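Structure, as structure tokens:
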Amino acid sequence: MEKIEDKNQQQEEEQVVNPWEVSAKEGGKIDYDKLIDKFGCQRLDQSFVDRVQRLTSRPPHVFLRRGVFFAHRDFNDILDAYERGEKFYLYTGRGPSSEALHLGHLIPFMFTKYLQDAFKVPLVIQLTDDEKCMWKNLSVEESQRLARENAKDIIACGFDISKTFIFSDFDYVGGAFYKNMVKVAKCVTYNKVVGIFGFTGEDHIGKVSFPPVQAVPSFPSSFPHLFSGKDNLRCLIPCAIDQDPYFRMTRDVAPRIGYHKPALIESLFFPALQGETGKMSASDPNSAIYVTDSAKDIKLKVNKHAFTGGQESIEKHRQYGANLEVDIPIKYLNFFLEDDAELEHIKKEYGAGRMLTGEVKKRLTEVLTELVERHRRARAAVTDVMVDAFMAVRPLPNMFD
Amino acid sequence: MGYSKDQLLARLKELQIEFSQYEHPVVLTVEAQAKYVGNTGGFLSKNLFLKDKKHRYYVVSALVDTKVDLKVLSQRLGLGKGGLRMAPEEALGEILQVPLGCVTPFAVVNESARHVSLLLDQGFKSQDCCIFHPLSNDMSISLNSQGLDKFLKSIGRNPSYIDLEANPPVGKDQPPDLATFVPSDSPVLSDLPEKTPSSQDSTGKSVGAATNSAAVTAKAVKPSGNAQIVKEKPVDSVRPSIPAADAGKFVEELLDRASALLLSEISEDSIKQHGVQLGEVANNIKKCIGEDLKNLATIFKNTAYTEGFHAGTRYQPKRL
């Protein structure tokens with residue numbers, strides 16, 4: 001389910017956002033307003049954040065407070081139903097294309113964990129090993145292996161095993177899941193799927209027939225061992241906004257086959273260390289912070305490679321202040337610094353030129369190191385048997401507790 | 001005292017491994033060895049005793065004609081470009097307990113070599129007679145790879161053969177393919193209550209074989225991440241810092257963290273600020289480590305559930 005950096009279909013003068021390519025207009029940043037307009041989803045405004053706080057009786061997640069998750073489809077329906085006592089389930093996933101996970105990969109999982117805890121609802125996590133096998137030309141075994149490895153990092157994000165089902169496509173597709181895939185496939189013409197995903201005559205049929213695989217986890221009947229008898233259960237999908245096309249297709253099909261449309265809650269893209277215009281690339285280890293980075297690595301990466309908005313000299317900086325629009329440490333702190341007051345203070349001082357880039361970087365390094373450390377410790381506690389347990393097709397009797 | 005040549009030969013006979021032995025004057029090089037056993041129809045081996053920057057040791061055993069490039073090997077092991085060097089002479093005696101010029105795969109029989117990683121040339125598999133020193137330079141023995149395997153298995157080693165001449169690219173998306181051959185740092189691993197079923201023996205596993213994630217997660221203990229090393233053992237495995245499903249340890253960890261934070265919060269400042277009612281302090285503590293403790297609790301829960309799951313898959317139903 002992650003974006004693949006391919007160099008095709010680059011339209012001049014327009015940004016490109018789809019599951020396999022994300023690029024801004026020449027040298028600029030992604031225009032999220034335009035994206036919301038083009039895709040047709042809604043902005044997630046403060047009233048939503050307040051409502052979530054009220055309904056869950058706990059402070060809203062930092063990603064909600066800072067507008068990291070900024071767009072949605074039908075999230076209000078989910079909240080309405082929840083208020084009436086109707087639960088829902090969460091669905092998210094990962095395309096296991098590499099063993100190395102960076103912080104950007106963790107974002108949807110961190111948020112999903114919060115949603116699971118706050119709303120006390122079950123979660124299904126799809127590992128699209130088949131997709132990566134097809135798109136990245138990995139062997140079946142390798143993609144399955146990567147799926148299991150990634151599962152460990154995902155589990156380390158703190159999901160509750162009594163409410164979470166992780167599955168890999170290669171293992172799970174079949175039975176009720178496959179029946180739904182066929183139902184969905186029958187409703188989407190070849191032309192439509194080409195229009196949504198940009199397939200060409202040269203693309204192999206595996207790719208063309210993949211979209212239903214990512215669509216059907218939105219339907220509770222795909223998981224008879226979990227939701228049998230609960231055909232009315234709604235689904236909420238936290239994901240990055242580049243996945244929207246899959247679910248636009250799904251939402252289009254759902255009513256035609258008698259299912260609820262899944263709701264979505266979508267996030268911004270996580271910027272590369274080198275800046276918004278740079279791309280986070282798996283082959284450039286310095287473009288991102290990896291969960292396997294040591295404290296030393298993090299310090300080095302932040303100090304050497306983070307693009308800052310600070311001025312060239314201390315005098316200039318004190319005079320003009322930092323450019324917060326492009327400053328990566330500030331952006332990263334926006335994602336990961338919990339304390340609202342502290343972040344505000346830093347932004348104010350740094351923007352006014354009273355705080356220097358070095359200080360901001362230092363604070364960022366602390367925050368990231370703590371995050372990565374915590375993740376590493378949790379990861380160390382994940383055994384192969386635990387992965388087996390999370391991935392076992394088993395009932396979850398306490399999933400709404 | 002290390003295993004002796006005679007002990008080794010006796011052991012081979014015990015295991016009913018077929019081999020031929022050739023006595024000759026002490027030889028220190030392959031060329032010299034070839035003079036005496038070069039025309040026995042067997043294939044000579046060259047054996048390298050290597051060490052990396054973190055003092056981990058490797059025996060690379062290959063057919064004489066196989067090209068072994070230490071730079072490539074170093075990268076494939078995930079040690080970077082110049083990570084492998086020839087091990088110093090003293091290490092030969094200390095770890096392998098063999099004399100100079102006598103490096104041989106059989107040396108891993110010694111306890112001191114328990115954590116030496118063994119890399120075997122897949123070329124051995126296609127030859128019936130491969131020649132090695134049996135822990136002493138005044139003899140050579142020739143046997144086939146099945147014989148070698150039988151011996152290695154008998155001492156708890158899992159023999160695996162690799163294509164030493166291969167030069168696959170190594171990058172973020174292509175992890176070093178031989179990373180599983182890097183021994184774990186800590187020498188006391190096998191004694192530990194290791195939770196991972198993938199056990200901590202430092203032998204290489206068959207690289208091309210079953211891609212069970214257990215085999216893959218095995219041994220790369222490199223605390224500081226080299227950006228090229230994609231797979232890294234997450235934690236110092238000497239002391240698992242998360243209590244497993246041990247309630248006592250779990251509670252201790254929670255109390256440790258809470259009291260540490262409490263002590264740091266109760267400072268002159270906070271007493272001045274809040275007076276003796278340190279309720280504010282308590283709130284701060286809850287805010288600071290509430291999340292942390294909940295995470296710990298979730299790990300505890302998941303571990304306990306997993307133990308139950310594991311038991312459940314193996315339980316014997318009551319006889320009716």
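Naming: A, B, ... by sequence-line order, numbering from 1 per chain. Worth saying up front: this structure is predicted, and the values here are computed from it rather than measured.
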(request) Find out whether A:Y332 and A:L273 are in side-chain contact, i.e. whether some heavy atom of one side chain is under 4.5 Å from a heavy atom of the other. (result) yes
(request) Please name all residues satisfying side-chain contact (heavy atoms from CB on, under 4.5 Å) with A:D117, sequence neighbours left out, ordered by chain then number. (result) A:R58, A:K113
(message) Restricting to ring-ring contact (aromatic ring centres under 6.0 Å, His included), what partner residues turn up for A:F159, sequence neighbours left out?
(response) none
(message) Holding to ring-ring contact (aromatic ring centres under 6.0 Å, His included), I want the full list of residues that pass it with B:F309, two or more places apart in sequence or in another chain.
(response) none
(message) Non-hydrogen contacts under 4.5 angstrom with chain B: give the residues of residues 394-401 of chain A involved, or none if there are none.
(response) A:R394, A:L396
(request) Against chain A, label B:N302 side chain, backbone, both or neither, depending on which of its atoms sit under 4.5 Å from a heavy atom there. (result) both
(request) Name the region of A:S162, side chain, backbone, both or neither, that has any atom closer than 4.5 Å to a heavy atom of chain B. (result) both
(request) Can you spot which of A:R379, A:R148, A:R376 makes a salt bridge (charged side-chain N to carboxylate O under 4.0 Å, His left out) with A:D153? (result) A:R379
(request) Identify whether the distance between the nearest side-chain nitrogen and carboxylate oxygen of A:R145 and A:E149 falls below 4.0 Å. (result) no
(request) Quick one: pull up CD in B:E291 and OH in A:Y114 and give me the separation to the nearest 0.5 Å. (result) 10.5 Å
